[in-house]
Amino acid sequence: MRFAPLYPLVYRILQPSFPKCLWSGQNTERAIALTFDDGPHAEYTPQLLKVLDHYGIIASFFWLGVCVERSPSVAKAVYERGHWIGLHGYEHRSFPRLSPTQLRESLEKNQAAIAHACELDLEQVKTQIRDVRPPNGFFTPGILRHLEQWNYRPVMWSVVVEDWWRPGVSVVVDRVLRQVQNGSHIVLHDGWHGGEDVAAIAEELIPQLLRAGYHFVTIDRLWQSCSPLSPG
């Protein structure tokens, strides 16, 4: 364990301070969102898709543009299955280290890569794919203002379990089960860091969550449940 025990505390501190970010859904129903960062990956993402297909789960993916360009057929397969797609930047660079111009260019390149891989109209992508999760969860109030100005929606998390350190499948699953609650927004990774275990984690985690009475929704559904706080 590195910082895993601190994430629930960080969430409780930041969530009320930045209400225009999507942190979780309403706690009145057993709806949760399963999300994956840093992909798509040529090997790990297809393995994950098989698990999601088996259980009929629709998830949400936050893609890096450079990874979309490396694995366009995988990106298209994810999109065609109806999974919700969000942006993680063109490369995995911390948003506070980018100038406003660099940040906007990164997000636009991210969208362009998705449009090309999924054979979509770019203007359609700019209208529909506008959820943004900052790499490492790092942002500033200024960044949030820019995202709102550019018509993007900032997306964070409520359950982060440091799967990228590969502490072991059972450890990751146990961390999720200890933290999950109504409206939870779970972050896992299907990219280079952590993706090796993602299919095995999903295979063990999903049936336990289903037995606990949870059902899976997309990021867009969480936005709808929190519509009074949703920007634009």
Side-chain angles (χ1 to χ4, degrees), residues 1-8 32-94 110 113-114 117-118 131 133-138 155-180 184-210 214 216 218-219:
M1 263 189 297
R2 298 175 187 250
F3 297 104
L6 299 179
Y7 283 108
I32 58 177
L34 190 58
T35 74
F36 300 93
D37 285 4
D38 295 357
H41 187 279
E43 180 181 356
Y44 308 145
T45 305
Q47 293 172 354
L48 172 62
L49 286 179
K50 290 181 181 179
V51 179
L52 298 176
D53 287 350
H54 176 75
Y55 290 102
I57 301 301
I58 299 299
S60 301
F61 290 80
F62 288 84
W63 282 341
L64 295 169
V66 66
C67 292
V68 173
E69 291 177 349
R70 289 173 184 157
S71 303
S73 63
V74 178
K76 189 176 181 182
V78 173
Y79 177 80
E80 289 180 341
R81 281 167 167 78
H83 297 291
W84 190 256
I85 307 302
L87 309 171
H88 205 41
Y90 181 73
E91 298 175 303
H92 201 278
R93 296 183 63 189
S94 178
N110 201 169
I114 293 170
C118 298
D131 290 323
R133 177 178 285 148
N136 303 312
F138 294 155
V155 176
M156 297 302 293
W157 34 254
S158 61
V159 178
V160 182
V161 291
E162 287 196 328
D163 58 313
W164 60 87
W165 289 116
R166 298 191 69 196
V169 171
S170 61
V171 172
V172 171
V173 171
D174 181 66
R175 289 176 181 174
V176 173
L177 294 176
R178 286 176 181 271
Q179 295 182 41
V180 70
S184 281
H185 176 178
I186 302 164
V187 178
L188 296 170
H189 294 77
D190 64 324
W192 287 102
H193 298 287
E196 299 96 326
D197 297 330
V198 71
I201 291 168
E203 181 64 61
E204 187 171 331
L205 179 62
I206 289 172
Q208 295 194 57
L209 291 170
L210 290 172
Y214 292 106
F216 294 86
T218 64
I219 287 298

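Bear in mind that the values here come from a model prediction, so they are computed numbers and not experimental data. We're numbering straight along the sequence, starting at 1.
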S.K.: Check whether any side-chain heavy atom of His185 lies under 4.5 Å from a side-chain heavy atom of Ile219, and answer yes or no.
M.R.: yes

S.K.: Thr35 side chain to Phe61 main-chain N or O, any donor-acceptor pair under 3.5 Å?
M.R.: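 Answer holds: no.
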
S.K.: Say whether, by atom type as modelled, one donor and one acceptor occur between the side chain of Arg93 and the main chain of Gly89 under 3.5 angstrom.
M.R.: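 No, because the side chain of Arg93 does not come within donor-acceptor range (under 3.5 Å) of the backbone of Gly89.
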
S.K.: To check you understand the geometry: which heavy-atom pair defines the closest contact between Tyr79 and Cys118, and what is its length?
M.R.: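 Heavy atoms of Tyr79 and Cys118 come nearest at CB-SG, 3.7 Å.
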
S.K.: Once rounded to the nearest 0.5 Å, what's the spacing between atom CD1 of Ile57 and atom CZ of Phe216?
M.R.: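 One gets 4.5 Å once the value is rounded to the nearest 0.5 Å.
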
S.K.: Just one of Val78, Asp131, Ile58 clears the side chain to side chain contact (heavy atoms under 4.5 Å, CB included) bar with Trp84, so which one?
M.R.: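 Exactly one candidate clears the test, Asp131.
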
S.K.: Quick check on side chain to side chain contact (heavy atoms under 4.5 Å, CB included): which of Leu52, Val173, Val51 does Glu203 satisfy it with?
M.R.: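 Output: one option passes, namely Val51.
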
S.K.: Report the distance from atom CG of Leu188 to atom CD of Glu162, rounding to the nearest 0.5 Å.
M.R.: 12.5 Å

S.K.: So, Glu196 side chain and Gly194 main chain: donor-acceptor pair closer than 3.5 Å or not?
M.R.: yes

S.K.: Got a donor-acceptor contact below 3.5 angstrom from the Arg175 side chain to the Val161 backbone?
M.R.: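 Pair found, side chain donor or acceptor close to backbone of Val161.
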
S.K.: For residues Ser184 and Ser158, report the shortest heavy-atom separation together with the two atoms involved.
M.R.: CA-OG, 3.5 Å

S.K.: Which atom names give the shortest non-hydrogen contact between Ala59 and Leu34, and what distance separates them?
M.R.: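 Scanning both residues, the minimum pair turns out to be CB-O, 3.3 Å.
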
S.K.: Which distance, rounded to the nearest 0.5 Å, do you find between the NE2 of His54 and the CG of Leu49?
M.R.: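 Between His54 NE2 and Leu49 CG, I get 14.5 Å after rounding to 0.5 Å.
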
S.K.: Tell me, do Val160 and Ile186 make a side-chain contact under 4.5 Å, heavy atoms counted?
M.R.: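 Val160 does not reach Ile186 side chain to side chain.
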
S.K.: Are any of the side-chain heavy atoms of Asp190 and His41 separated by less than 4.5 Å?
M.R.: no

S.K.: How long is the gap from CD1 on Ile201 to OG on Ser170, to the nearest 0.5 Å?
M.R.: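 Going from the CD1 atom of Ile201 to the OG atom of Ser170 covers 9.5 Å.
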
S.K.: Any side-chain heavy-atom pair from Pro46 and Val74 closer than 4.5 angstrom?
M.R.: yes

S.K.: Let me see the working for Arg133 and Leu87 under side chain to side chain contact (heavy atoms under 4.5 Å, CB included), right down to the final yes or no.
M.R.: CA-CA 6 Å; Arg133 177 178 285 148; Leu87 309 171; over 6 Å; no

S.K.: Please report the shortest heavy-atom distance between Asp163 and Val187, naming the atom on each side.
M.R.: OD1-O, 4.1 Å

S.K.: Would you say that Val172 contacts Glu204 through its side chain, given a criterion of any heavy-atom pair below 4.5 Å between the two side chains?
M.R.: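 Val172 vs Glu204: side chains apart.
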
S.K.: Can you measure from CG (Leu205) to CG (Asp174) and round to the nearest 0.5 angstrom?
M.R.: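 If we round to the nearest 0.5 Å, Leu205:CG and Asp174:CG are 10.5 Å apart.
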
S.K.: Side-chain contact, heavy-atom cut-off 4.5 Å: Phe36 with Val198?
M.R.: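 SC-SC contact between Phe36 and Val198 confirmed.
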
S.K.: How far apart are the closest heavy atoms of Trp157 and Gly137, and which atoms are they?
M.R.: NE1-CA, 4.2 Å

S.K.: Within the 3.5 Å criterion, strictly below it, is a donor on Glu69 or Tyr90 matched to an acceptor on the partner's side chain?
M.R.: yes

S.K.: Are the side chains of Leu64 and Asn110 in touch, meaning some heavy atoms are under 4.5 Å apart?
M.R.: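 No - every pair of side-chain heavy atoms lies 4.5 Å or more apart.
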
S.K.: Would His193 and Asp38 count as a side chain to side chain donor-acceptor pair (under 3.5 Å) if you check the C-alpha gap in whole Å, the side-chain angles of each, and the deciding distance to 0.1 Å?
M.R.: CA-CA 8 Å; His193 298 287; Asp38 295 357; over 6 Å; no

S.K.: Where is the tightest heavy-atom contact between Gly65 and Ala113, given as atom of each residue plus distance?
M.R.: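 Nearest heavy atoms, Gly65 then Ala113: O-CB, 3.7 Å.
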
S.K.: Do Val66 and Arg70 have side chains that approach each other closer than 4.5 Å (heavy atoms only, starting at C-beta)?
M.R.: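 When only atoms from C-beta onward are counted, Arg70 and Val66 do touch, with a gap below 4.5 Å.
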
S.K.: Please check if the distance between the ring centroids of Trp164 and His189 is under 6.0 Å.
M.R.: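 Yes; His189 has its ring centre under 6.0 Å from that of Trp164.
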
